[in-house]
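Not measured: the values here are computed from a predicted model. In listed order, ligands and their atoms are each counted from 1. Residue numbers start at 1 and run along the sequence shown.
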Amino acid sequence: MPEASLPPAGPDGRLLTPFRLAGRRVWVAGHRGMVGAALCRRLEREGVELLTVSRQRVDLRRQVEVEAWMDAARPELVVLAAATVGGILANASYPADFLYDNLMIGANVIEAARRSGVERLVLLGSSCIYPRLAPQPMTEDALLTGPLEATNQWYAVAKIADIKLGQAYRRQHGLDVIAAMPTNLYGPGDDFGLLSSHVVPALLRKVHEAKTGGGPVEIWGSGQPRREFLHVDDCADAVVFLAQHYGGESHVNVGCGEDVTIRELAGLIARVVGYEGEFVFDAGKPDGTPRKLLDVQRLTALGWRPRIALEEGLRRTYDWYLANQAA
Ligand code: GFB
């Protein structure tokens, strides 16, 4: 039998009484990452008491450390934004890290939340949880209906395990867990390492370096895959919205509902950076899944909308890169 009772929600998952944030103790796990940092910025506007802990003090892969931290810090709301992440090549190069780290982080935080009596727990995943060839746009119901994309199956399996563990803890322990599944994210604080990063920071950097040092710019794969990109500040806004208003068992897709080809993305980035040179395509690098567009009707029906259009978001990210990272 559940140890706690879940807050009542309507048929669309909307909480009948919103979860109040002002003055609450909120732990953002992974506050130094791009998503965690955006969540901290967004939550500060809600007047929460923000809790963070460094990786040196608490290794989230170690159960004892996580439980001791949570027992001492006593957060009321936990947002799990910590993960071992990376782009298509990093996923394929470090399968053990992507699976082990993320399985351990998810399991440790969920169990510690139950033990320490956390009121709400918000999990974050990724649109790569869906089958490689899922019908587009992908609804939440597409989960586990077909084989995963090979390049990121390890990360996907860990994130699917998080969703299922969260649902199991809701049912068995009455733990108030919800899960948000964002599409491909980008923005300030992203990883601009050429072998570890996702496509947006990689192309911003390569195009910038080609503008100053000469082209052409190398694009991995065929340029044909389609991806949906959401600015990390929009993602943080959606996650905070869900933390306040959503109480359903199903995970919720977080995206903007529009996608572009990688070639189109490169064109937009060239315009933002002011690069007029050539692009070449490296067929030796993987394309990954052909298309990854989320169906975001569940989220929009609850009343949330993105605010940052792709070109504007790319401009802001490029400005951040110039101010913080560019050589
Ligand atoms: O962003 P990305 O690495 O991740 O790659 P995925 C997206 C597309 O951009 C792929 C192409 O088709 C890449 O081949 N691409 C072109 C490049 N040039 C580059 C480049 O210089 N760097 C990179 N990184 N890509 C990730 C998953 O998949 O999506 C993660 O691996 C996570 O697990 C994330 O789920 C959201 O969209 O293919």
Under 4.0 Å to a heavy atom of Ala202 - the qualifying atoms of ligand 1, by number: 20 (C), 21 (O), 22 (N)
Ligand-residue contact atoms, ligand 1 with Ser197, heavy atoms, under 4.0 Å: 24 (N)
Pairwise distance CG(Leu299) to CZ(Phe241) - rounded to 0.5 angstrom: 6.5 Å
Cation-pi check, Arg24 onto Phe19 ring (under 6.0 Å, within 45° of axis): yes
Numbering as shown, the atoms of ligand 1 that approach Cys128 to under 4.0 Å (heavy-atom distance): 33 (O), 35 (O)
Within 6.0 Å of CD in Glu264, more than 12 heavy atoms from elsewhere: yes
Heavy atom of Asn184, distance to ligand 1 below 4.0 Å: yes
Check: His208 ring centroid to Tyr318 ring centroid under 6.0 Å: yes
Heavy atom of Lys285, distance to ligand 1 below 4.0 Å: no
Whether Lys206 lies under 4.0 Å from ligand 1, heavy atom: yes
Within-cut-off N or O pair, Ile219 and ligand 1, under 3.5 Å: no
Selection from Asn91, Asp191, Thr151 by shortest heavy-atom distance to atom 31 (O) of ligand 1: Asn91
OG-CG distance between Ser197 and Leu89, expressed to the nearest 0.5 angstrom: 9.5 Å
Test item: side-chain donor near acceptor, Asp71 and Ser116, under 3.5 Å: no
N/O separation below 3.5 Å, Ser126 to ligand 1: yes
Subset of ligand 1 atoms that lie under 4.0 Å from at least one heavy atom of Gly87: 3 (O), 31 (O)
Protein heavy-atom partner closest to atom 28 (O) of ligand 1 - residue, atom, separation in Å: Lys292 NZ, 3.5 Å
Ligand 1 atoms in contact with Asn152 (distance to a heavy atom under 4.0 Å): 27 (C), 28 (O), 31 (O), 33 (O)
Test item: side-chain donor near acceptor, Asn102 and Lys159, under 3.5 Å: no
Check: Tyr155 N/O within less than 3.5 Å of ligand 1 N/O: no
Nearest atoms (heavy-atom pairs only) where Val273 meets Leu204: CG2-CD2, 4.1 Å
Closest approach of any protein heavy atom to atom 17 (C) of ligand 1, naming residue and atom: Val199 CG2, 3.5 Å
Nearest-neighbour protein heavy atom for atom 12 (O) of ligand 1, which is reported as residue plus atom name and distance: Asp287 O, 2.6 Å
4.0 Å heavy-atom contact, Gly86 with ligand 1: yes
Results of side-chain hydrogen bond (donor to acceptor under 3.5 Å, both in side chains) for Ser126 - residues two or more places apart only: none
Test item: side-chain donor near acceptor, Arg227 and Thr261, under 3.5 Å: no
N/O separation below 3.5 Å, Thr183 to ligand 1: no
Worked check of side-chain hydrogen bond (donor to acceptor under 3.5 Å, both in side chains) between Ser222 and Asp287: CA-CA 7 Å; Ser222 64; Asp287 268 345; 2.8 Å; yes
Identity and separation of the nearest protein heavy atom to atom 3 (O) of ligand 1: Ile88 N, 2.8 Å
Atoms in ligand 1 flagged as close to Pro225, the criterion being non-hydrogen separation under 4.0 Å: 12 (O)
Of the listed options Ala266, Pro286, Gly288, closest to atom 14 (O) of ligand 1 (non-hydrogen atoms): Pro286
Closest heavy-atom pair and its distance - Asn253, Tyr130: OD1-OH, 2.6 Å
